[in-house]
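Below is one structure, written out as structure tokens, with a few remarks after it.
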Amino acid sequence: MELLLFTAAAAATSAAASPAARAPHARLEQARAVTPLPSLDVLPHSVAVANIASPLQAALAYENPPHKIAAILLDGTEDPRGARAAAIALAGRTRIPRIALLGDASLAALTPEWDVADFLTPDASPAEIDARLRLLGAATQEQSESAPGPGVQISGVEIDDSNFVATVHGRTLDLTYKEFELLNFLALHPARVFTREQLLAEVWGMDYFGGARTVDVHVRRLRAKLGEHEWLISTVRGVGYGFARDRRG
């Protein structure tokens, strides 16, 4: 099983600090210096290591093929607050299941807000770690097999939000994560108009500190990638943006 470990110790090495540039299947020996689970060393699982301070970019880099990451380990053994922040940053934004690694004294801080599938303590035995990983893998496989198809199919656009793939009339769009989220949100609400402030709140989140003009930038880039179908993102002057308001396809 291939795992992705988010830990503050990853910042100590330049290779770990740039997870997207690393080989996707790091050998277990490479993670031994930073693993908070000593018993993990004796199990036949490979571990890639990334900096817990910037989890979303790394998670998305490892999420799609050819990577086959089965679970994300969030190291909170030294910094539970950092692990909580990483867990919240990943909640609802990656389909890879997460496991919190916490000491006994920190387990009281673990709440549903973390949105993790399980937890482990540093003194967990090899048998316990392996059993939890096997059960998590089986549950994830069952959910994947029962998951519905693409979430949105409208006006020639198909969006598979479980795999972060969007196509327009069969052509796959090369979108950044925020471009994908913006298209997905607009397509979920066809013929409605949203102000820039509403889009910032819904797509970027209430804690985003950038200006509303970032919406204009992303709409412009999204239209460029839609090409001849740029009309799908319409502008209502003085109000904001909508999806598929000008035509029906």
Side-chain angles (χ1 to χ4, degrees), residues 4 18-24 48 50-51 54-69 72 89-96 144 147-249:
L4 176 56
S18 301
R22 294 190 57 195
N51 191 346
S54 53
L56 186 57
Q57 182 180 358
L60 294 178
Y62 281 97
E63 189 168 54
N64 296 313
H67 311 321
K68 297 180 179 179
I69 298 297
I72 289 174
L90 293 173
R93 296 182 176 180
T94 176
R95 66 180 183 277
I96 305 176
S144 177
V152 178
Q153 296 182 0
I154 183 173
S155 299
V157 172
E158 293 189 7
I159 299 177
D160 182 353
D161 55 5
S162 64
N163 292 305
F164 296 94
V165 175
T167 62
V168 56
H169 293 283
R171 175 171 62 88
T172 300
L173 299 173
D174 182 16
L175 305 178
T176 65
Y177 180 70
K178 280 303 176 187
E179 290 168 353
F180 177 88
E181 281 200 324
L182 178 60
L183 177 63
N184 188 38
F185 179 78
L186 290 172
L188 283 169
H189 306 88
R192 287 187 56 186
V193 180
F194 295 92
T195 66
R196 294 175 178 84
E197 289 73 19
Q198 287 174 322
L199 290 173
L200 278 176
E202 295 292 341
V203 178
W204 278 263
M206 296 298 294
D207 57 348
Y208 179 73
F209 294 107
R213 288 299 172 183
T214 192
V215 176
D216 298 334
V217 173
H218 281 75
V219 166
R220 184 166 62 250
R221 293 173 179 171
L222 187 54
R223 281 175 172 160
K225 293 179 180 181
L226 286 168
E228 62 182 308
H229 305 288
E230 64 176 353
W231 60 268
L232 287 167
I233 309 298
S234 58
T235 301
V236 178
R237 293 188 180 277
V239 183
Y241 299 103
F243 182 85
R245 289 176 46 82
D246 301 330
R247 312 179 192 177
R248 293 291 180 266

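All heavy atoms count here, side chains included; hydrogens, waters and symmetry mates do not.
A donor-acceptor pair under 3.5 Å links the side-chain atoms of Arg171 to the main chain of Leu226, judged by distance alone. Formation of a donor-acceptor pair under 3.5 Å by the Lys178 side chain with backbone atoms of Val203 is found in this model. At least one donor-acceptor pair under 3.5 Å links the side chain of Gln198 to the backbone N or O of Thr195. The closest donor-acceptor contact from the side chain of Ser155 to the backbone of Val157 lies at 3.5 Å or more, if one exists at all.
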*Verdict with supporting geometry, Val217 and Arg220, side-chain contact (heavy atoms from CB on, under 4.5 Å)*: CA-CA 5 Å; Val217 173; Arg220 184 166 62 250; 3.8 Å; yes
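Across all non-hydrogen atoms, the minimal contact from Glu197 to Ala212 is OE2-CB, 3.9 Å. The minimum heavy-atom distance between Ala166 and Leu175, with the atom names listed, is CB-CD1, 4.0 Å. The shortest heavy-atom contact between Leu4 and Ala59 is CD2-CA, 4.3 Å. Closest approach of Phe180 and Asp160 over heavy atoms only: CZ-O, 3.9 Å.
Phe164 and Tyr177 have tilted rings, their planes meeting at an angle from 30° to 60° on a 0 to 90° scale.
If you check the side chains of Ser234 and Arg223, you find no donor sitting under 3.5 Å from an acceptor.
Taking a cutoff of 4.0 Å between a charged side-chain nitrogen and a carboxylate oxygen, Asp174 and Lys225 do not qualify as a salt bridge.
Residues Val193 and Tyr241 form no side-chain contact, since every pair of their non-hydrogen atoms from C-beta on lies 4.5 Å or further apart. In this structure, Leu199 and Leu186 have side chains that are in contact, with non-hydrogen atoms separated by less than 4.5 Å.
Interatomic distance, His218 NE2 to Leu183 CG, rounded to the nearest 0.5 Å: 12.5 Å. Summarising the geometry, atom CG belonging to Leu173 is positioned 9.5 Å from atom CD belonging to Glu179; distances are rounded to the nearest 0.5 Å. Annotation: the span from Ile72 atom CD1 to Thr94 atom OG1 amounts to 4.5 Å, rounded to 0.5 Å. For the atom pair CZ (Phe194) and CZ (Phe185), the distance works out to 4.0 Å, reported to the nearest 0.5 Å. Atom CD of Glu202 is separated from atom CG of Leu188 by 11.0 Å, given to the nearest 0.5 angstrom. For the atom pair OH (Tyr62) and CD1 (Ile96), the distance works out to 10.0 Å, reported to the nearest 0.5 Å.
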